[in-house]
2 protein chains.
Amino acid sequence: MPDGAATRTKGGPLGRRGRRVLIRPRGAGAISGETRQRILDVALDLFVEQGYDKTSLREIAERVGVTKAALYYHFQSKEDIVTTLHMPVHELMHSAMARLGDSTGPGSWLDFLDWLIEQLAAHSRLFLMYQRNATAIGEVHRKDHGGPEVEPEQLFLQRLADPALSLDERVRMAGSLAVVVSGAALAMQPGTPAPDPAELAATLRVAVRDLLRVGQPSA
Amino acid sequence: MPDGAATRTKGGPLGRRGRRVLIRPRGAGAISGETRQRILDVALDLFVEQGYDKTSLREIAERVGVTKAALYYHFQSKEDIVTTLHMPVHELMHSAMARLGDSTGPGSWLDFLDWLIEQLAAHSRLFLMYQRNATAIGEVHRKDHGGPEVEPEQLFLQRLADPALSLDERVRMAGSLAVVVSGAALAMQPGTPAPDPAELAATLRVAVRDLLRVGQPSA
DNA sequence: GTCTATAATGTGATAGAC
DNA sequence: GTCTATCACATTATAGAC
């Protein structure tokens, strides 16, 4: 059975659902990068909704309105799609580690959180995708990078394993990170109106300070 | 190709890896419930390690030392396995909602968190499994229970959608829940020694109070 | 209770025409 | 850049012998 025969009439028109107004007909050479971006958009939606593993290429292709084979023109593999989406977050985490440097303890941790809160608004949806597919993404990118554990997320937790830290400090540091992440998820909760990003960020900054028991933000 | 031919010598002995000392030989009728429990143990390990979706029945059967068909004697389906594992957590969440009742606001929320912290120690591994497979488990059990969204986890978030709550309250309530969950994950961080459960619980109780800005625990 | 063998289906991925 | 058609493979699940 051909690719989309189950869901599309054999010779029918291409644009389904009216999800998009086409400037020029599909199949005669689309604008550069346009389809690629739509694939990423659709994939992000599905990965967030139902997870990376449960989302098939057939499903992505269907929603975009192309065949699976077209996906393989734009991306080398399914993993390539999720890797491309995750890249900004990955780089963000990576440079966050660089910021943290070798210092430990709540002080530099707070700086890191402030910076993370700032970045979060711009990438909240990608962060959410990572949060909901952390294990899957972790394994994908462990398979690529040969090494055992290069995911920055894990590095954060390794920081907390520092024996110089008390249990109380560990709980509050890990907890404050969780607060920030939950704040990002809260911002995109369906059914509730999205809060003002600046107000949310300010609220988060105060909240993590309460949890880490340090002074209020300087700004 | 027969089931385990790739990993087990055709006529070889049954017990592999010496993972378990057998009182009496396998295949002559095992002790009631023994294999079933081992299946659950192995499945829990794998679901936590690499996720529900990426774990196949073949893999579970291999580690247990039986064939896939044997799994189907003990469980109706793969979903049945994960549902059985998730059941205690599900019931816990459910009764937590009953405890919360109709009241909103940080007051009853704190009571709920105290209770959750208490329960967490006894079920930390199952909670971790849920946390890492929330989307998968959610969909599995939505498929069973016909209804659209009966998962208690979602109900917690619906509480936070109450328009009577300020953004600050929402952030702190969602955040405090995240702190408790992260505390459970912290307790089982590989590589670091497991903290004393009672001490961890006490630390969490104080931490969530700092975040919710209420007094210290009465106990 | 466990096995062998197989069914039924879906998946990621590729070849080659247009 | 997208299509049709197909491949090779893994998966969940079942049937029936022992």
Side-chain angles (χ1 to χ4, degrees), chain A residues 1-15 22 24-39 43 46 50-62 64-83 136 140 143, chain B residues 1-15 22 24-39 43 46 50-62 64-83 136 140 143:
Chain A
M1 185 190 283
D3 245 346
T7 54
R8 180 194 296 174
T9 308
K10 196 84 178 199
L14 283 169
L22 293 173
R24 50 165 144 166
R26 208 83 56 65
I31 301 169
S32 162
E34 205 232 356
T35 300
R36 181 185 160 95
Q37 189 55 50
R38 297 216 350 269
I39 292 172
L46 290 173
Q50 53 190 354
Y52 171 76
D53 291 296
K54 281 230 169 12
T55 302
S56 67
L57 293 177
R58 176 188 57 75
E59 205 170 355
I60 296 174
E62 235 169 64
V64 173
V66 297
T67 59
K68 275 189 295 175
L71 264 48
Y72 278 94
Y73 172 82
H74 294 280
F75 297 93
Q76 289 188 351
S77 64
K78 186 186 177 185
E79 297 189 351
D80 189 23
I81 297 178
V82 77
T83 297
V140 160
K143 206 170 65 178
Chain B
M1 182 191 288
D3 244 347
T7 53
R8 180 194 298 174
T9 310
K10 194 84 179 202
L14 283 170
L22 294 174
R24 49 166 146 164
R26 209 82 59 65
I31 301 169
S32 162
E34 205 232 356
T35 301
R36 181 185 160 95
Q37 189 54 50
R38 298 216 350 269
I39 293 172
L46 291 172
Q50 54 188 353
Y52 171 75
D53 291 297
K54 280 232 171 6
T55 301
S56 66
L57 293 178
R58 176 188 57 74
E59 206 171 354
I60 296 173
E62 239 169 60
V64 174
V66 297
T67 60
K68 279 187 292 176
L71 263 50
Y72 278 95
Y73 172 82
H74 292 281
F75 297 93
Q76 290 188 352
S77 64
K78 186 186 177 185
E79 296 189 351
D80 188 22
I81 297 177
V82 78
T83 296
V140 159
K143 206 170 65 178

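Note on naming: letters A, B, ... go to the chains in the order of the sequence lines (proteins, then strands), and numbering restarts at 1 for each one. Just so it is clear, the model here is predicted, and its values are computed rather than measured.
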Short heteroatom pairs, N/O only, protein and nucleotides 9-11 of chain C, under 3.5 Å:
from	atom 1	to	atom 2	distance (Å)
dT11(C)	OP1	S56(A)	OG	3.4
dT11(C)	OP2	R58(A)	NE	3.2

Could you list, one pair per line, each protein nitrogen or oxygen that sits under 3.5 Å from a nitrogen or oxygen of nucleotides 15-18 of chain D, together with the distance?
none

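Side-chain proximity of Y72(B) to dA13(D), dT4(C), dC3(D): nearest is dA13(D).
Across every non-hydrogen atom of A61(B) and K68(B), the tightest pair is CB-N, 3.7 Å.
Evaluation of the side chain to side chain contact (heavy atoms under 4.5 Å, CB included) rule for Y72(A) yields L57(A) as partners, not counting sequence neighbours. For the side chain to side chain contact (heavy atoms under 4.5 Å, CB included) test, residues two or more places apart in sequence or in another chain that qualify with Q50(A) are L46(A), T55(A), E59(A), E139(B).
In this structure, CZ in R58(B) is found 4.0 Å from OG in S56(B), a value given to the nearest 0.5 Å. Taken to the nearest 0.5 Å, the CZ atom of R36(B) stands 11.0 Å off from the CG atom of L71(B). Atom-to-atom distance recorded for T83(B):OG1 and Q76(B):CD is 10.0 Å, nearest 0.5 angstrom. Interatomic distance, OG1 of T67(A) versus OH of Y73(A), reported as 13.5 Å (0.5 Å rounding). Put simply, NE2 on H74(B) and CD1 on I81(B) are 10.0 Å apart, with the number rounded to the nearest 0.5 Å.
Note: NZ (K143(A)) to P (dG12(C)) measures 12 Å, nearest angstrom. Here the P atom of nucleotide dT4(D) and the OH atom of Y73(A) are 18 Å apart, to the nearest Å. Residue F75(A) contributes atom CZ, which lies 15 Å from atom P of dG12(C) at whole-angstrom precision. Regarding E62(A), its CD atom lies at a distance of 16 Å from the C1' atom of dC3(D), rounded to whole Å. Between Q37(B) atom CD and dG1(C) atom P the separation is 14 Å, expressed in whole Å. Put simply, CD on Q76(A) is 13 Å from C1' on dT14(C), counting in whole angstrom units. Between the NE2 atom of H74(A) and the C1' atom of dA13(C) there is a distance of 16 Å, given to the nearest Å. Distance, I39(B) CD1 to dG1(C) P: 11 Å, rounded to whole Å.
At the phosphate of dG1(C), neither OP1 nor OP2 sits under 4.0 Å from any side-chain N or O atom of T35(B). Phosphate contact (OP1/OP2 of dC3(D), side-chain N/O of T67(A), threshold under 4.0 Å): present.
Here the side chain of K78(B) pairs a donor or acceptor atom with the backbone of Y52(B) at under 3.5 angstrom.
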